[in-house]
Protein chains: 2
Amino acid sequence: MADDSEDDPEIIIGGLQIDVLEGAFSWYIRSLDSVVSADLDRRMAHLSIAQGKGRITALLLVDDYPGIRPSQIADVLMRDRPATGRIVDRLVQAGAVRRETAPDDLRAQALFITPTGHRLADEIRDIVRAQEAEFFDFIPEADRDQFMRMLKRAYLNMRKKWD
Amino acid sequence: MADDSEDDPEIIIGGLQIDVLEGAFSWYIRSLDSVVSADLDRRMAHLSIAQGKGRITALLLVDDYPGIRPSQIADVLMRDRPATGRIVDRLVQAGAVRRETAPDDLRAQALFITPTGHRLADEIRDIVRAQEAEFFDFIPEADRDQFMRMLKRAYLNMRKKWD
DNA sequence: CTTTATTGATTGTGAATGACAACTTTATGC
DNA sequence: GCATAAAGTTGTCATTCACAATCAATAAAG
């Protein structure tokens with residue numbers, strides 16, 4: 001733990017207190033998300049599939065799981081099928097992913113990465129790692145593991161509740 | 001700390017690993033945000049100013065700081081002035097907030113809560129507290145303080161970086 | 001004073017998101 | 001075979017958010 005972990009100062013922004021939100025998980029999670037997402041978008045702005053958390057996750061999944069189906073991606077993203085379908089559309093348009101019909105189920109699609117998509121996936125991994133190192137440098141080294149464990153547990157429990 | 005705090009299981013969703021995102025703060029923050037926001041929206045769906053994190057924050061601020069200016073709210077929300085102006089528009093339309101011209105600066109506005117807005121603010125406080133208690137019940141009691149401290153520190157450092 | 005720059009706020013516009021309903025095609029269960 | 005469920009697509013709609021341009025008022029500079 002970092003040395004100053006025990007102090008719990010009132011959060012004040014531009015001289016203002018934020019009422020009940022000061023003690024609300026939701027406030028901090030939402031605020032962090034908006035800045036983190038904006039930062040990630042900036043870092044990926046030069047890529048053909050920039051903008052939007054769904055696309056990068058989908059691309060990595062296709063790269064890791066040849067033949068994966070859109071509905072599986074939808075499950076990971078917690079999105080509905082239309083939203084996921086449009087994400088796949090973009091990946092196909094960008095030449096990163098190829099659609100085939102799943103051999104065992106003619107309703108379903110099997111998605112495959114292209115050479116372009118594979119290169120893109122590698123770039124994305126680098127960008128994500130860079131963001132973790134650079135953007136989150138404000139999290140003291142000593143706190144990282146613990147913060148990550150808590151986030152993971154929160155995430156897992158939230159998903160359990162969700163499904 | 002809760003007793004199982006030391007295990008660090010690989011995150012697997014629907015049988016799939018999530019590549020580099022498995023170790024990325026950004027993934028968990030984004031995922032948590034989308035579910036928390038959806039949950040909060042549901043809880044507020046019956047209110048006249050439902051939907052959107054900006055409105056509830058703005059209303060609470062006006063309730064707490066009579067005469068506050070839109071630009072101050074924009075600073076807290078980390079939004080630009082047009083976005084904030086439209087949030088105030090909605091609050092005024094809903095009869096929750098009243099605009100006046102700031103006496104000391106004729107360009108600026110001074111915002112004041114109405115009786116309706118004050119009641120609404122109280123309802124919102126209850127909803128936020130209820131969500132903290134009910135939605136985040138998956139965070140073990142023993143972890144709450146620490147998780148909150150870490151979120152606050154992350155938030156403060158992020159804002160420092162932002163400004 | 002008068003000119004210039006800055007600040008507070010509004011309007012317009014465009015891109016993107018995400019959710020929901022309706023529909024087509026294929027599988028599955030009885 | 002027939003009804004039901006599942007996979008994907010299309011259409012639509014409401015929101016959101018950011019950027020540019022504009023207007024009015026203040027502050028600063030000469």
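Quick note on labels: first sequence line is chain A, next is B, and so on, each numbered from 1.
One can place CD1 of B:Ile87 at 13 Å from P of C:dA9, the figure rounded to the nearest angstrom. The nearest whole Å value for the distance from the CZ atom in B:Arg30 to the P atom in C:dT17 is 11 Å. Atom CG in A:Asp104 sits about 14 Å away from atom C1' in C:dT28, given to the nearest Å. When rounded to the nearest whole Å, the span between CD of B:Gln72 and P of C:dA9 equals 9 Å. Across the protein-nucleic acid pair, A:Asp41 atom CG and C:dA15 atom P stand 17 Å apart, rounded to whole Å. Across the protein-nucleic acid pair, A:Gln109 atom CD and C:dT24 atom P stand 18 Å apart, rounded to whole Å. Rounded to a whole Å, the CZ atom of B:Arg99 is 16 Å from the P atom of C:dG8. Rounded to an integer number of Å, the gap from CZ of A:Arg79 to C1' of C:dA19 is 11 Å.
A salt bridge is absent between A:Asp145 and A:Arg149; no separation between the charged side-chain nitrogens and carboxylate oxygens falls under 4.0 Å. Between B:Asp33 and B:Arg30 there is no salt bridge, since no side-chain N of the basic residue sits under 4.0 Å from a carboxylate O of the acidic one. Taking a cutoff of 4.0 Å between a charged side-chain nitrogen and a carboxylate oxygen, B:Arg159 and B:Asp75 qualify as a salt bridge. Ion pairing between a basic and an acidic side chain is recognised when a charged N comes within 4.0 Å of a carboxylate O; A:Arg125 and A:Asp122 show such pairing. Taking 4.0 Å as the cut-off between side-chain N and carboxylate O, A:Asp80 and A:Arg86 do not count as a salt-bridged pair.
If you find the closest nucleotide of DNA chain C to A:Leu106 and to A:Arg55, the one lying nearer the 5' end belongs to A:Arg55.
The outermost nucleotides of DNA chain D lying under 4.0 Å from heavy atoms of chain B, listed 5' to 3', are D:dT16 to D:dT26.
In the interface, the side chain of B:Arg107 is paired with the base of C:dT7 through a donor and an acceptor atom under 3.5 Å apart.
Non-hydrogen atoms lying under 4.0 Å from DNA chain D are contributed by nothing in residues 88-97 of chain B.
Closest to the side chain of B:Arg86, out of C:dA19, C:dT13, C:dA9, is C:dT13. For A:Pro82, counting side-chain heavy atoms from C-beta on, the closest listed nucleotide (C:dC20, C:dT26, C:dT6) is C:dC20.
Remark: the backbone N or O of B:Pro70 is not paired with any side-chain donor or acceptor of B:Thr84 at under 3.5 angstrom. In this structure, the side chain of A:Tyr28 engages the main chain of A:Glu22 through a donor-acceptor pair within 3.5 Å.
Closest non-hydrogen pair, B:Leu106 versus B:Thr101, comes out as O-CG2, 3.6 Å. The nearest pair of heavy atoms linking B:Asp104 to B:Arg69 is OD2-NH2, 2.9 Å.
Proximity of B:Arg81 to the phosphate of C:dT10: no side-chain N or O atom is located under 4.0 Å from OP1 or OP2.
Within the 4.0 angstrom heavy-atom criterion, only backbone atoms of the sugar-phosphate kind lie near A:Ala108; the bases stay farther away.
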